[in-house]
Amino acid sequence: MHVPFVDLRAQYLAHKEELDAAMAAVIEQSAFIGGEFVRRFELEFAQALGVKHCIACANGTDAIYIVLKMLGIGPGDEVVTSAMSWISTSETISQTGATPVFVDLDDYFTLDVQKVLDAITARTRAVIPVHLYGQPADIEPLLELCAERGLYLIEDCAQAHLASINGATVGSFGVAATFSFYPGKNLGAYGDAGAIVTNDSALASKFRAYANHGALIKHQHTMEGINSRLDGLQASLLSAKLAHLPTWTERRRAIAALYNKELESVTAVTRPSERASARHVYHLYVIRAADRDALRDHLEKSGIGVQVHYPRALPFLPAYSRFGFSPDAFPRAWQIQSEILSLPIYAEMSDDAVRYVSRCIREFYRA
Ligand SMILES: *Cc1c(COP(=O)(O)O)cnc(C)c1O
């Protein structure tokens with residue numbers, strides 16, 4: 001049996017007519033940049049999350065950069081974020097001239113709130129929790145802490161479309177939140193795409209202008225900005241796919257539940273745990289495995305696509321060697337980077353495929 005890590009083609013084939021029509025409509029109308037299809041997707045996505053404004057942009061990295069920039073964060077400022085994430089979360093902080101301050105993880109691979117508290121200085125301006133792998137961060141104490149200290153809370157929701165806490169979707173908590181629609185994300189475009197959401201109308205206008213050369217109205221540049229717009233083609237595809245996202249999310253959760261059951265007896269494997277009151281959307285199903293690298297080889301030899309998110313926690317990347325961090329500065333991130341393994345998960349994956357992957361894992365530890 002061959003089980004790929006993700007199968008974007010399977011999703012396309014399952015909805016081919018609808019997706020082809022969505023793209024054709026854009027080409028018919030030559031609505032390539034901005035325009036009706038982008039507006040429609042922005043309205044639909046805001047509605048799906050229960051927020052007032054959605055500003056589409058070119059990718060999830062720009063989304064974070066635009067938010068930081070328009071909140072006035074820059075040289076001399078510090079922004080606290082997670083030691084385990086994709087580099088977008090921290091490189092955008094540096095791009096504004098501010099300094100990323102990394103914080104270690106809790107039991108759910110998200111920001112350890114106590115350590116956030118310890119990391120705050122007089123220079124701290126914002127905290128960026130990452131809802132990593134689709135699991136919401138411990139948002140309520142973080143919100144409280146940010147309110148008390150006068151800090152902005154910006155949610156990095158790139159991996160957590162439709163995840164929620166006590167029924168409120170992630171993206172609705174902070175001053176602003178950012179999303180990625182990179183093809184492999186839970187809601188994925190056919191190229192790069194991203195969005196910012198916020199309930200603050202004044203900020204929404206700033207984000208929108210900055211992403212479009214500093215102009216809300218053509219030729220009326222109230223400031224310098226950047227070119228970070230969403231293509232009509234991507235917007236139209238995303239609208240079509242958004243309608244399926246609740247069903248796809250349920251399927252991801254069902255796959256995770258099946259993995260949990262199938263791997264229950266394997267003591268060498270720690271299965272992902274769900275935070276109480278949170279709805280995990282399993283962008284990734286990440287186990288902690290004894291002898292991880294050998295297990296990875298075994299699974300790959302068995303025709304299974306697996307990955308590691310991420311093989312090196314951010315503080316230990318060469319990109320941050322300037323800080324000179326030692327392993328004991330982030331003990332949890334240091335430990336898990338050699339244990340974590342992302343198993344295949346995507347809505348079109350069959351129960352048989354989940355059972356096959358699980359059986360191969362059980363075999364590895366029995367041998
Ligand atoms: C994917 C991702 C991003 C960046 O999104 P792009 O659209 O690829 O720029 C940011 N943060 C996290 C946690 C991500 O997983």
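Just so we're clear, the structure is a prediction, and the values are computed from it rather than from any experiment. Counting starts at 1 for both ligands and their atoms, following the listed order.
Ring-plane geometry between Tyr190 and Tyr12 is classed as perpendicular, the angle between the planes exceeding 60 degrees on a 0 to 90 degree scale with a lower cut at 30. The aromatic rings of Phe181 and Phe179 sit parallel, their planes meeting at an angle under 30°, below the 60° perpendicular limit. The aromatic rings of Phe102 and Phe323 stand perpendicular to each other, their planes meeting at an angle above 60°, with 30° marking the opposite boundary.
No side-chain N or O of Asp352 forms a donor-acceptor pair with one of Ser350 less than 3.5 Å apart. Judged by distance alone, the side chains of Glu274 and Tyr282 do bring a donor and an acceptor atom under 3.5 Å apart.
Protein heavy atom in closest approach to atom 9 (O) of ligand 1: Thr61 OG1, 2.5 Å. Closest to atom 1 (C) of ligand 1 among all protein heavy atoms lies Lys185 NZ, 1.5 Å. From the protein, the heavy atom lying nearest to atom 11 (N) of ligand 1 is Asp156 OD2, 2.8 Å. At the shortest separation from atom 10 (C) of ligand 1 among protein heavy atoms lies Ser88 CB, 3.5 Å. Looking only at heavy atoms of the protein, atom 12 (C) of ligand 1 is closest to Ala158 CB, 3.4 Å. The nearest protein atom to atom 15 (O) of ligand 1, hydrogens excluded, is given as Gln159 NE2, 2.8 Å; this is a heavy-atom distance.
Here is the list of ligand 1 atoms found below 4.0 Å of a heavy atom in Gly60: 4 (C), 5 (O), 6 (P), 7 (O), 9 (O). The ligand atoms of ligand 1 that sit less than 4.0 angstrom from a heavy atom of Ser85 are 13 (C). The contact set between ligand 1 and Asn59, taken as ligand atoms under 4.0 Å from a residue heavy atom, comprises 7 (O), 9 (O). Residue contact check: Val130 has heavy atoms under 4.0 Å from atoms 13 (C) of ligand 1.
For Arg9, the CZ atom counts as loosely surrounded, since its 6.0 Å shell holds 12 or fewer non-hydrogen atoms of other residues, nucleotides or ligands. The number of heavy-atom neighbours closer than 6.0 Å to CD of Glu363, taken from other residues, nucleotides and ligands shown, is above 12.
By the 3.5 Å distance cut-off applied to N or O atoms, Ser180 is counted among the residues near ligand 1.
Side-chain atoms of Asn199 come within 3.5 Å of backbone N or O of Lys52 as a donor-acceptor pair.
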